[in-house]
Protein chains: 2
Amino acid sequence: MTRASSRRPGPPTRTERGIPEATVARLPVYLRALTALSDSGIATASSEDLATAAGVNSAKLRKDLSYLGSYGTRGVGYDVEYLRYQIAREIGVTQDWAVVIVGIGNLGHALANYSGFGTRGFRIVALLDADPALVGERIGDMEVRDFAELEDIVEADRVSIGVITTPAGPAQEVCDRLVAAGVTSILNFAPVVLSVPDGVDIRKVDLSIELQILAYHEQRKSGEVALPQVPELPATNGLTPDLPAVGGGVGA
Amino acid sequence: MTRASSRRPGPPTRTERGIPEATVARLPVYLRALTALSDSGIATASSEDLATAAGVNSAKLRKDLSYLGSYGTRGVGYDVEYLRYQIAREIGVTQDWAVVIVGIGNLGHALANYSGFGTRGFRIVALLDADPALVGERIGDMEVRDFAELEDIVEADRVSIGVITTPAGPAQEVCDRLVAAGVTSILNFAPVVLSVPDGVDIRKVDLSIELQILAYHEQRKSGEVALPQVPELPATNGLTPDLPAVGGGVGA
DNA sequence: AGGAGCTTGTGAACGTGAGAACAAAATCGG
DNA sequence: CCGATTTTGTTCTCACGTTCACAAGCTCCT
Ligand SMILES: NC(=O)c1ccc[n+]([C@@H]2O[C@H](COP(=O)([O-])OP(=O)(O)OC[C@H]3O[C@@H](n4cnc5c(N)ncnc54)[C@H](O)[C@@H]3O)[C@@H](O)[C@H]2O)c1
Ligand SMILES: NC(=O)c1ccc[n+]([C@@H]2O[C@H](COP(=O)([O-])OP(=O)(O)OC[C@H]3O[C@@H](n4cnc5c(N)ncnc54)[C@H](O)[C@@H]3O)[C@@H](O)[C@H]2O)c1
C-alpha cells in the first residue's frame with residue numbers, strides 16, 4: 001500500500017515519489033542556479049545561498065529538495081555538483097530529449113537559432129513547415145523540412161516533445177497530427193486552447209497574456225482606484241465607448 | 001496599506017477590489033476567448049460555453065468573473081461584447097500601453113515582427129540594442145535605436161513596460177537601467193533571476209524551463225519507475241558519471 | 001571527548017485556490 | 001399572472017502551497 005489508500009486530511013497524501021507540480025516547476029530554476037554556481041567555481045552552497053540565487057525563500061527550497069531525497073549535509077549545505085546531478089536526473093535531462101519545431105516563421109526561426117537548448121537537455125531534430133517556399137531553407141546546421149515528414153521523423157528519432165509556433169488557426173490541427181504521430185508533450189506558442197487526449201501534456205507560452213498581467217498591476221500602481229496612466233474612461237455606465245454599443249441587458 | 005485592520009481567518013480577506021493572482025492570470029484567457037466568440041458573431045454565451053472556450057471549469061470561471069462584478073444575467077448567460085469590455089477595462093487594456101524591447105537579436109526580432117501585440121493593448125515604441133552594427137536597422141516600420149536613448153524614450157513616451165531579450169550576462173544591468181529610467185514592469189526572457197526594488201513587477205518567460213517541466217512528466221510516462229527512454233543511469237552510488245567526479249561527502 | 005555553532009529536514013499552522021452544490025434571479029410558455 | 005426552466009453568483013469544503021519554527025545531525029574547536 002503506497003499510503004494513497006487512506007483519504008484522510010492528515011499528510012498531503014503524496015503519491016509514490018510524486019513531486020508536487022509547484023516544486024517540479026522550480027526544479028529547473030534550481031538547476032540553473034546550481035550551474036551558475038558551479039561555473040563560478042563554488043563547490044558547496046547552503047540552502048540560503050541557493051535560495052538567493054534562485055530567487056526563492058530558503059524554507060521553500062529545502063522543502064522542495066526534500067522531495068527528491070536527503071542530498072544535503074546538516075551544518076554544511078549542499079555539494080553543488082552532486083545536487084546538480086540529482087536534480088538533472090530527477091527532471092530527466094541527464095540525457096537529451098529529441099524535439100521537433102513546427103512552424104518556422106518569426107518565432108520558429110528564433111528558437112531554431114537558439115543555442116541554449118542543447119546545453120539544457122534538448123536536441124532539436126527537425127524544423128517543419130507547411131509552406132513549400134520555406135522547405136529547404138537552411139538555419140544554422142539544419143534544414144527546414146516538409147510537415148508531411150512528421151510521422152517518419154517522430155518514429156526515426158523517437159521524438160516525444162513537439163513545439164508549435166504556427167499561427168493560431170492551424171494550431172489544433174498541427175497538434176492533432178503531432179499526437180497521432182506519437183508526440184506526448186507539447187509546448188504551444190499559438191494563442192489558442194489546444195485540446196489533447198489524456199496522457200498528453202501541454203504547456204503554453206503566451207506573451208500577450210504575460211504583458212496583460214503586467215498591465216493589470218501597472219494600472220493599479222498608477223491611480224490606485226482604476227485610474228490608468230491616460231485616464232479616458234467614461235463614467236461607469238457599462239457601455240463600451242469604441243466598441244459596437246451594447247446595452248447591459250442581453251435579450252432585449 | 002488599505003485594510004489589514006481585521007486579520008481574522010473568516011472569508012479569504014480580499015483586499016478592496018483586490019483580485020486573486022490566479023484569477024488575474026486567467027482574465028486574459030477569457031478575454032481571448034470572448035474575442036474569438038465575438039469574431040464568430042456570437043452575442044451571448046453561458047459560463048459553460050465560455051469555460052469550454054477558455055479551457056477551464058465553469059465554476060471557476062463564474063467565480064473569477066464574480067470578482068469583477070455581476071456582469072451576467074441569470075438564466076441567460078453573458079453578453080459577449082459587454083463582458084469583453086469589462087474584462088479589458090479591469091486588465092487595463094482599453095487603451096494601449098507603451099513598450100520598449102531591449103536586445104534585438106533572434107528573439108527581439110521575432111517580437112518586433114509580431115503583429116499580435118497591437119491588437120491586444122500594447123504598442124511597441126522602441127527597439128533598443130547596444131550593438132552599433134544593429135542600430136539603424138529597419139524592422140517593419142521601426143528602426144533599431146541605441147540603448148543609450150532609453151531614458152529619453154521612456155520619458156517621452158511614458159513607457160512603463162520593458163521587455164528584456166538580451167543574453168543573460170547583461171540582463172541585470174539592463175534591468176537596472178530600465179528601472180532607473182522609470183519602467184515599473186518588466187518581462188524577462190533571459191535565463192537569470194533579476195532583482196528589482198519594491199514596486200517593480202517582473203514576469204519571466206523561460207523556454208528551457210518549460211521544456212524541462214515537460215521532460216519531467218515525459219520521463220515518468222515512459223518507464224514509470226525512473227526509467228528514462230534511454231536508461232543509462234549508474235547504480236545509486238551518488239556519483240555523477242560524466243561530470244567532474246564529486247563524492248557525496250562535502251568537506252573531505 | 002565534549003560542547004558550541006550551523007544548517008538541514010520536516011511537522012504544524014496558515015493562507016490561497018479549486019470544485020461541488022445550491023439558492024437567487026431572470027426568461028419563457030401557458 | 002404563475003410555475004417550469006435555465007443559469008448565475010456564492011457558500012462550503014477540501015486540497016494544495018507557503019512559511020515558520022525547531023529537533024536532529026554534522027563539523028569544528030577547545
Ligand atoms: N512572433 C512573436 O513574437 C510572437 C509573439 C507572441 C505569440 N506568437 C505566436 O506564435 C505563433 C507564431 O508566430 P510567428 O510570428 O512566428 O508567425 P509566422 O506567421 O511568422 O510563422 C508561422 C509559420 O507557421 C507556418 N505554418 C502555417 N500553417 C502551418 C501548418 N498547418 N503546418 C505547419 N506549418 C504551418 C507558416 O508557414 C509560417 O512559417 C503565432 O501563433 C503567434 O500568435 C508569436
Ligand atoms: N532565441 C530563443 O529562441 C531563445 C529561447 C530561450 C531563451 N532565450 C533567451 O532570450 C535572450 C535573447 O536570445 P537571443 O537568441 O535573441 O540572443 P541574441 O544573442 O541573438 O540577441 C541578444 C541581443 O542583445 C543585444 N545586447 C547585448 N548586450 C546588450 C546590452 N547591454 N544592452 C542592450 N542590448 C544588448 C545584443 O547586441 C543582441 O542583439 C537570451 O537571454 C536567451 O537566453 C532565447
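In what follows, chains carry the letters A, B, and so on, assigned in the order in which the sequence lines appear, proteins first and then strands, with residues in each chain numbered from 1. Heavy-atom basis, side chains included; hydrogens, waters and symmetry copies ignored.
Between A:Gln86 atom CD and C:dT8 atom C1' the separation is 16 Å, expressed in whole Å. Separating the CG atom of A:Leu65 from the C1' atom of D:dG17 is a distance of 16 Å, rounded to the nearest angstrom. Put simply, CG on B:Leu61 is 13 Å from C1' on C:dG19, counting in whole angstrom units. Note: CG (A:Asp49) to P (C:dT7) measures 8 Å, nearest angstrom. Remark: P of C:dG9 and CG of A:Leu68 are 10 Å apart, rounded to the nearest angstrom.
For C:dT7, neither phosphate oxygen OP1 nor OP2 lies less than 4.0 angstrom from any side-chain nitrogen or oxygen of A:Ser46. Within the structure, a side-chain polar atom (N or O) of B:Tyr78 is placed less than 4.0 Å from OP1 or OP2 of D:dG9. Taking side-chain N and O atoms only, B:Thr73 has no distance below 4.0 Å to OP1 or OP2 of D:dT8.
Side chain of A:Glu218 to main chain of B:Ile161: no donor-acceptor pair is present (N/O by atom type, distance under 3.5 Å, no hydrogens or angles). Within the 3.5 Å criterion, the main-chain N or O of B:Tyr85 finds no donor-acceptor partner in the side chain of B:Arg89.
B:Asp201 has a carboxylate O that lies under 4.0 Å from a charged side-chain N of A:Lys221, or vice versa, which qualifies the two as a salt bridge. Between A:Asp79 and A:Arg84, none of the side-chain N atoms (NZ, or NE/NH1/NH2) sits under 4.0 Å from a carboxylate O, so this pair counts as no salt bridge.
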ask   = Quick one: what's the B/S/- string for nucleotides 18-23 of chain D, heavy-atom cutoff under 4.0 Å, read 5' to 3'?
value = SBBB--

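Note: A:Tyr71 and A:Tyr78 fail the aromatic proximity criterion, with ring centroids not under 6.0 Å apart.
Using modelled atom types, one finds no donor on one side chain facing an acceptor on the other under 3.5 Å when comparing B:Thr52 with B:Asp49.
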